[in-house]
Amino acid sequence: MSEMTLCEKVLARASGKDSVTPGEIIEAKPDVAMSHDNTYLVYRSFVDTGATEISDPGSIAVVLDHRAPASTVNAADSQKEIRRIVKEFGIGRFFDVGSGICHQLLVEDGIVQPGMLVIGSDSHSTTYGAVGAIGIGIGAMDMASIWAKGSLWLKVPESIRLEIAGAPRLGVYAKDIALKMVSELGPMGADYCCIEFHGSYFSTPNLSERMTLCNMAAEAGAKCATVPSRFFKNEVTHSDSKSVRACELPDDKAEYGRELSIDAGALEPLVALPSLVSNCAPVSSVEGEPIDQAFLGTCTNGRLDDLMIASSILKGRRISGGVRLIVTPASREIYLSAMKNGIIETLIDAGAVVTNPGCGPCMGAHQGLLADGEVCISSGNRNFRGRMGSSEARIYLASPATVAASAIEGKIADPRSYLR
Amino acid sequence: MICGRGWMFGSDIDTDKIIPGRYLDNYSFEFLAFHAMEGEDHEFASKVREGDIIVAGKNFGIGSSREQAAIALKHAGIRVIIAESFARIFYRNAVNYGLLPIISPNCTTVFKNGEEICVDLDNGRIFSSDDSGREARFFEIPSIVRQIYDAGGLVGLLKLSDENE
């Protein structure tokens, strides 16, 4: 039998085969299938297929996070429908408004485990690779197909072996490495590929950082991204299933389409310039660019360590007059921990608006949209034109530290002067 | 054979341009169609006609998994999207909704904005309908994609396979 990458092993198991090779079309059964506010669209297509029951309701997860709480009557109506659908079809896991962001919750609750195949009707489903799973994003109608027949066609992706070596210097975080990765690969450099991470950067287990990296892999077009569990064996819950556990690590002689490396120790803080994520530059090149809003949150960078870094910079300081700082914790658990640690108090003292857990303004639905001509620096994952409101607004992406430093100065700022 | 007017777009047309996030709470197909491509061309929805074709550069549909991007284009009248390359989730969504996504490495250099383009899958030709003889090269449509397209979309295919069981 041929040697396989982590992704190939997971897809072989999920399609009931001994082995798979890149380019092969398979019919795969996911261990977990997640949809969010678009569950109403999933349901409509599901009904159109003529199906009357969900094939495996226990494997289905539904999270209301994109417009949570409902920002319009339309959103409220569809969320009401979704709650009914969840009950009617006995959907296994449901997270209502206020729980947090789908990807955060499925990892936090241990629903996603190393070696699993997770399909999500969200493009950032790549995030599940942070626990050694394979997470693939699809649209709502593909999810309806999973509801109806329990499986989905997939093309086996080629794997890219991406080695991240070294320890980042002061003021450089997983987000900066992720931005470097996307700029090196370009917006379609990993199209239809799985990025398999390796390297000494992962020798200190940090789930949040791995989530940031796997999440941002989507911005280079990656179908999925994953970190083998050898780097964080004791940090996560492993599956009870022997066959799932057998897919946790790639074979030693697995073949990769490409091999790349990034020296984390050589990086400085980066920003993605408007309006493409791969458009990266050192923060020093845009220092002084005035901002109207700073946003700290999202499935990329809304976790406890992110809020902690921001609060350590903002402690005893005030954000600049005329600037809004919006903080959206990625989950209720993170929100509560941040309250107990005094982080929320520090952020509010500094002038932040702290919202309920969820996606916040990241995809332009609510909770802090931008006006014509405004500039936002965000810890999120996309800076496309019109992403957060007006198509005449401009969005820069950066780490939570750079977002916090910029909020203080009212212009894009290098976080390093606040960390020494 | 499918013929329609071709609308030219550049590279990296993202889903926020095809249908901005603020419209995603509305599930009316007509509403979504009314805002199709609004982030790139405010007048697109009023110009586009049933049967029209989009011709675009690289990475068409980059970004979100929002199926509303495919829905908006489909219900605005678009039948075929010819691009140098596609973002993978958009590609799946498009064919699932009965749109035909075609990967053509030289489409943006061969065709002109607004001209009539014909797609003849059976004879493997994509060409300008004037007599200039201009043709675009394109990759063979994968058989799974052809199956879904021929069934009118994924729901159509799922219904067919139910009947065959």
Side-chain angles (χ1 to χ4, degrees), chain A residues 25 37-38 40-42 44-46 48-51 66-67 70-78 120-125 136-142 144-145 148-149 153 155 157 186-188 191-192 218-219 221 223 275-276 278 362-366 369 382 384-389 391, chain B residues 11-28 31 38-40 42 58-71 84-98 142-145 147-148 153-163 165:
Chain A
I25 304 286
D37 297 42
N38 59 18
Y40 184 57
L41 266 183
V42 177
R44 287 214 309 207
S45 292
F46 170 77
D48 286 346
T49 67
H66 275 52
R67 289 171 188 270
S71 55
T72 62
V73 175
N74 276 331
D77 284 341
S78 65
S121 61
D122 186 273
S123 56
H124 290 106
S125 300
I136 296 176
I138 47 143
M141 197 183 276
D142 275 325
S145 155
K149 59 175 183 165
W153 75 271
K155 185 160 108 177
M188 45 188 296
D191 262 8
Y192 297 94
E219 303 313 316
K223 181 172 194 160
S275 299
L276 204 56
S278 57
C362 172
M363 44 77 76
H366 64 173
L369 305 194
R382 287 195 179 126
F384 302 148
R385 254 182 75 194
R387 170 79 178 174
M388 292 177 70
S391 53
Chain B
S11 288
D12 298 318
I13 298 295
D14 58 70
T15 51
D16 285 290
K17 288 185 182 129
I18 301 171
I19 187 81
R22 60 184 175 278
Y23 298 135
L24 301 184
D25 66 327
N26 194 317
Y27 294 94
S28 150
F31 173 85
E38 190 175 289
E40 183 67 12
H42 262 279
K58 290 189 171 63
N59 217 6
F60 189 83
I62 176 182
S64 150
S65 69
R66 65 187 66 158
E67 198 162 81
Q68 288 93 332
I71 295 172
E84 290 173 24
S85 68
F86 288 89
R88 58 164 283 275
I89 302 179
F90 178 84
Y91 181 90
R92 286 187 80 115
N93 290 343
V95 70
N96 284 350
Y97 266 89
S143 66
I144 178 85
V145 172
Q147 261 181 56
I148 298 169
L154 184 63
V155 164
L157 184 71
L158 290 170
K159 275 187 194 159
L160 287 177
S161 42
D162 273 359
E163 283 159 14
E165 265 165 22

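Since we're looking at a predicted model, the values are computed, not measured. So you know, we letter chains A, B, ... as the sequences are listed, proteins then strands, and number each from 1. Reckoned from all heavy atoms, side chains included, excluding hydrogens, waters and symmetry mates.
With respect to B/Glu67 and A/Arg44, no salt bridge is recorded, no charged nitrogen being found less than 4.0 Å from a carboxylate O.
At a 4.5 Å heavy-atom cutoff, the contact between B/Asn96 and chain A is made by backbone and side-chain atoms alike. Both the backbone and the side chain of A/Thr49 come within less than 4.5 Å of a heavy atom of chain B. For A/Arg387, the parts sitting under 4.5 Å from any heavy atom of chain B are the backbone and the side chain alike. At a 4.5 Å heavy-atom cutoff, the contact between B/Ile144 and chain A is made by side-chain atoms alone. Contacts between B/Ile148 and chain A at a heavy-atom distance below 4.5 Å involve the side chain alone, from C-beta outward. The part of A/Lys149 that comes within reach of chain B is its side chain, from C-beta onward, which places non-hydrogen atoms under 4.5 angstrom from that chain.
Ranked by non-hydrogen atom pairs under 4.5 Å with chain B, the options A/Ile25, A/Ile138, A/Asn38, A/Asp191 are led by A/Ile138. Across A/Met188, A/Arg385, A/Glu219, the residue that shares the most heavy-atom pairs under 4.5 angstrom with chain B is A/Met188. When each of A/Ser78, A/Ala365, A/Gly386 is scored by its heavy-atom pairs under 4.5 Å with chain B, the top score falls to A/Ser78.
Rounded to the nearest 0.5 angstrom, B/Phe90 CZ and B/Asp14 CG are separated by 11.5 Å. Atom CD of B/Gln68 sits about 6.5 Å away from atom OH of B/Tyr27, to the nearest 0.5 Å.
In this structure, B/Arg88 has no side chain to side chain donor-acceptor pair (under 3.5 Å) partners at least two apart in sequence or on a different chain.
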